Amino acid sequence: MASKGKYEAISELARRRGFFWQSFEIYGGMGGFIDLGPLGTKLKHRLEDSWRDFFVKGGGIYEISTPIINPKIVFQASGHLDSFKDPMVECQRCGRKYRADHLLEEAAGAKFEAMGLEAIDAEIEARNLACPECGGRLSKSRYFLTMFETTIGPYSEAIGYARPETAQGIFIDFKRLYEIARGKLPFGVAQIGRALRNEISPRQGPIRLREFTLMEIEFFFDPEEGCGALEEVEDEVLRLVPASLREKGIEEPIEKSVGEAVREGIIINGWLGFFMAKSKEFMRGLGIPEDRQKFHEKLPGERAHYSAQTFDHEVLLEDWGWVEIAGHAYRTDYDLSRHSAFSGQELRAFKAYEKPRVERVLKIVPNEARIREEFGEKHKAILEALMGARPEDVKGSIEAKGYFEALGERIGPEHVSFRTVEVKETGRRFIPHVVEPSFGLERIMYAVLEYSYSKKGDRIVLRLPRRIAPIQAVVLPLVNRGDLEAKAKSIWRALLEAGLDAEYDDSGSIGRRYARADEIGVPIAITVDQRSLIDDTVTLRERDSWRQIRVRADEVPARLRGYFSGDLDFEGMGGS
RNA sequence: GCGGCCGUAGUCUAGCCUGGCCCAGGACGUUGGCCUUCCAAGCCAAUGACCCGGGUUCGAAUCCCGGCGGCCGCACCA
């Protein structure tokens, strides 16, 4: 992509002022891990809180926390152990590594999915494949597992894996959560937590990490009901790159309202569309303009194993182009079905009909004595086959042909009779479907920093949205004089007591202190001058415009609270 | 993982090719002091670095080897 200028500039600022830096620096560093510094940690908390405010609060969504290390069975059930690994081969001469299945696909022009290692090796042998770069012999294939493996317990008897997504913890807890949600659908479960993926070669700082933070929601709903919230967002226009167009080579986004996209089947599920619209809104609130966002649908071959449809929510970054900051997947009933099968637990939801349905159902009444008598040893199997068949089929066959064939034997009217019974159905049991919006926190943090980063002359001004600014206000005595300092410190304490994240700075000239504050995105500076001592007013200075207004000192905490909750704009803080 | 380029204080950098003049120079920052009534002003002082490990040499920031890390390209990113 473009020059590496922006990333360099942001990394430099991040290191210098304490947003983030590479982990394990004193030991030479380790790719794929970053430390968040004091400001980065605060910013992370603000982003998490904004996300909670936006997605979780009041939305029928519950937040939980589950372990990072999971026993093996979890990822056998989830399918990750099968699909989270790639067969690799190595060139014995030059040492280059390749995806074995990709080499085969190239050579054969066909898909080679779900092939065992032996089959792959045999195929490579048969096609006489060699290293595409140097022509050297290829090694036997072996799997590279993207999950971190570990052992659980003192004697290492149990194998565990670090979760590559937080979602499984939610699915596993479904039964209990469904109880806690008092058996009502739809509902969502959110989790903010660490996930780990053993990337082969991580780069790009906070964009591709081996350990990172996900903010995920698994939203459970009845697939037979529409999305009850779609009207809320129906007219939101999304920039979409649907798979249907990508297959024709078109990667340009089309603009469509969510409502239209769902109606036209471009987005195959209403809830999926709902969260995509919310996701766009969320990112816009963090300062990413709409035209720098798009939703890129994954082609069927690119999708994760659990997904029926996936859109990557991408944001345009200067150095790396379009980068995925969230994924929206329609996971259907895949995960719950799998966990139900592997655990043997009932993970279905129950939905009562408005009125119990009384259905008349045909039942087979076998004449067991006669069947035993006639078919001897086979009678048990025959009985089983008979009862397993649809009663309508059995009856129809006997009426039409005079008999029903079971295991090669003819069952006639003398063997069975029929009875119609009334069955009361109070409701329906089904496995809920799931849509999953999943956000990468560190990527969002980087994107937000990039879009906030601006220059005023050669000064950096970080125009962070006020809600997520790590430091909200800084109190500055105009000059270092005992009486101004005392006044400034008392205002600073009042701000802290009011629950604001405020700092005090009296080092260097006033201009230098403004510059320091601008650089880390402090939205408001409060300056105490000579006049403050006379009439008890102070100057508020706005980071982005450098405008100043005069406000009574004792009103500052309340005004700032209004400003940060969004009720007041900057000028509004000056009003009486 | 491969190939190319690269690694000097908190940050940016000089020095490296051509070993000694470098117990590494500068700028900015930071800290303390003086001054200063609104946008990185000035003065004084302090602070702090050759990525790690081996080798060559009388002598290594500099040359060689290995490792680690970074950037770019390839591959990888369910």
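Letters go in sequence order (proteins before strands), and every chain restarts at 1. FYI, side chains are in, hydrogens and waters are out, and symmetry mates aren't considered; it's all heavy atoms of this structure. A quick note: this is a predicted structure, and the numbers were derived from the prediction, not measured.
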Note to self: Less than 4.0 angstrom between a side-chain N/O of A:Q22 and OP1 or OP2 of B:G70, yes or no?
What the structure shows: yes
Next item on the list: Starting from P on B:A9, measure out to CD1 on A:I26 and report it in whole angstrom.
Entry: 15 Å
Note to self: Between B:A61 and B:A14, how far apart are the two C1' atoms, rounded to whole Å?
What the structure shows: 12 Å
Next item on the list: May I ask you to check whether A:S78 and A:R338 show a side-chain donor-acceptor distance below 3.5 Å?
Entry: no
Margin query: Considering every strand and a 4.0 Å limit on heavy-atom distances, what is the contact class for A:R16: base, sugar-phosphate, or nothing?
Written below: sugar-phosphate
Margin query: Counting C-beta onward and ignoring hydrogens, is there a side-chain heavy-atom pair between A:E314 and A:I325 closer than 4.5 Å?
Written below: no
Next item on the list: Return the value, rounded to whole Å, for the distance between atom CE of A:M30 and atom C1' of B:C51.
Entry: 14 Å
Notebook entry, point to check: Can A:S545 and A:E542 be counted as having a side-chain donor-acceptor contact under 3.5 angstrom?
Noted result: yes
Notebook entry, point to check: To the nearest Å, how far apart are A:E211 CD and B:C77 C1'?
Noted result: 18 Å
Note to self: Suppose we call a contact any N or O donor and acceptor under 3.5 Å apart; does that hold for the side chain of A:R516 and the base of B:G29?
What the structure shows: no
Notebook entry, point to check: So does A:Q548 reach the base of B:C38 with its side chain, donor to acceptor, closer than 3.5 Å?
Noted result: yes
Item checked: Side-chain ion pair, A:R246 and A:E251, N-O less than 4.0 Å -> yes
Next item on the list: Mind calculating the distance between OH (A:Y7) and P (B:C72) to the nearest angstrom?
Entry: 8 Å
Next item on the list: May I ask you to say what A:E324 touches in the nucleic acid, namely base, sugar-phosphate or nothing, with a heavy-atom cut-off under 4.0 Å?
Entry: nothing
Check: Which whole number of Å gives the distance between the P atom of B:C77 and that of B:C5?
Finding: 28 Å
Next item on the list: Considering only atom P, compute the distance from B:U37 to B:A41 and round it to an integer number of Å.
Entry: 15 Å
Margin query: Say we look at B:C63 and B:C71: how far apart would their P atoms be, to the nearest angstrom?
Written below: 24 Å
Note to self: What is the distance, to the nearest angstrom, from the CD1 atom on A:I200 to the C1' atom on B:C2?
What the structure shows: 13 Å
Note to self: Any donor-acceptor pair, under 3.5 Å, between the side chain of A:T539 and the base of B:C38, if you only look at N and O atoms?
What the structure shows: yes
Check: How close do A:R210 and A:I200 get, heavy atom to heavy atom, and via which atoms?
Finding: NH2-O, 3.5 Å
Check: If you measure only the distance, is there a donor-acceptor pair under 3.5 Å linking the side chains of A:E442 and A:T213?
Finding: yes
Note to self: Reading RNA chain B from 5' onward, which residue's closest nucleotide shows up sooner: A:Y27 or A:H80?
What the structure shows: A:Y27
Note to self: Of the listed nucleotides (B:U37, B:C77, B:C71), which one gets closest to any side-chain atom of A:R203?
What the structure shows: B:C71
Item checked: Polar side-chain contact A:D529-B:C38 base: donor and acceptor under 3.5 Å -> yes
Next item on the list: Return one dot-bracket line describing RNA chain B 5' to 3' (Watson-Crick or G-U wobble pairs, both distances under 3.5 Å; ( ) same strand, [ ] crossing, | another strand, . none).
Entry: (((((((..((((......[....))))((((((.......))))))...(((((..]....))))))))))))....
Next item on the list: Using the P atoms only, state how far B:C52 lies from B:U11, rounded to an integer number of Å.
Entry: 15 Å
Margin query: So for A:R531 and B:U37, does any side-chain atom that can act as donor or acceptor lie under 3.5 Å from a complementary atom in the base?
Written below: no
Next item on the list: Between B:G4 and B:C64, how far apart are the P atoms? Round to whole Å, please.
Entry: 14 Å
Checklist line | Short side-chain N/O contact to B:A41 OP1/OP2 from A:S509, under 4.0 Å | finding: yes
Check: How far, in whole Å, is B:G20 from B:U13 if one measures between their P atoms?
Finding: 23 Å
Notebook entry, point to check: Counting side-chain heavy atoms from C-beta on, which of B:U36, B:U37, B:A40 comes nearest to A:R481?
Noted result: B:U37
Checklist line | Minimum-distance nucleotide to A:L478 side chain [options: B:U31, B:G69, B:U37] | finding: B:U37
Check: Given atom CD1 of A:I325 and atom P of B:C77, what is their separation to the nearest angstrom?
Finding: 21 Å
Margin query: Give me the distance, rounded to whole Å, that separates B:C16 from B:C21 when you measure between the P atoms they each carry.
Written below: 13 Å
Item checked: Interatomic distance where CZ belongs to A:R208 and P belongs to B:A75 [whole Å] -> 13 Å
Margin query: Can you work out whether A:D458 or A:Q530 has the more 5'-proximal nearest nucleotide on RNA chain B?
Written below: A:Q530
Next item on the list: Taking only the side-chain nitrogens and oxygens of A:R15, find out if one of them lies under 4.0 Å from OP1 or OP2 of B:C12.
Entry: yes
Notebook entry, point to check: When all nucleic acid strands are considered with a 4.0 Å heavy-atom cut-off, which category describes A:N480: base, sugar-phosphate, or nothing?
Noted result: base
Note to self: Is the shortest side-chain heavy-atom distance between A:W51 and A:F439 below 4.5 Å?
What the structure shows: yes
Note to self: Would the base of B:C38 count as contacting A:R513 through its side chain, where contact means a donor and an acceptor less than 3.5 Å apart?
What the structure shows: no
Item checked: Rounded distance in Å - CD1 (A:I207) to P (B:G70) -> 15 Å
Check: Which nucleotide sits closest to the side chain of A:W546: B:U30, B:G73, B:C39?
Finding: B:C39
Notebook entry, point to check: Between A:Q168 and A:H339, do the side chains contain an N or O donor and an N or O acceptor separated by less than 3.5 Å?
Noted result: yes
Item checked: Check ion pair A:K487-A:D483 (N to O, under 4.0 angstrom) -> no
Notebook entry, point to check: Does B:C72 have OP1 or OP2 sitting under 4.0 Å from an N or O in the side chain of A:W320?
Noted result: yes
Note to self: Any donor-acceptor pair under 3.5 Å linking the side-chain atoms of A:T527 with those of A:Y514?
What the structure shows: yes
Item checked: Side chain of A:S201 (C-beta onward), nearest among B:A75, B:U36, B:U31 -> B:A75
Check: B:C39 base to A:R512 side chain: any donor-acceptor pair below 3.5 Å?
Finding: no
Margin query: What I want to check is whether the side chains of A:H313 and A:Q293 have a donor and an acceptor closer together than 3.5 Å.
Written below: yes
Margin query: Need one value for A:Y306: base, sugar-phosphate or nothing, where a base atom within 4.0 Å counts as base even if backbone is also close, heavy atoms only.
Written below: base
Check: Do the side chain of A:Y514 and the base of B:C38 come within less than 3.5 angstrom through a donor-acceptor pair of N or O atoms?
Finding: yes
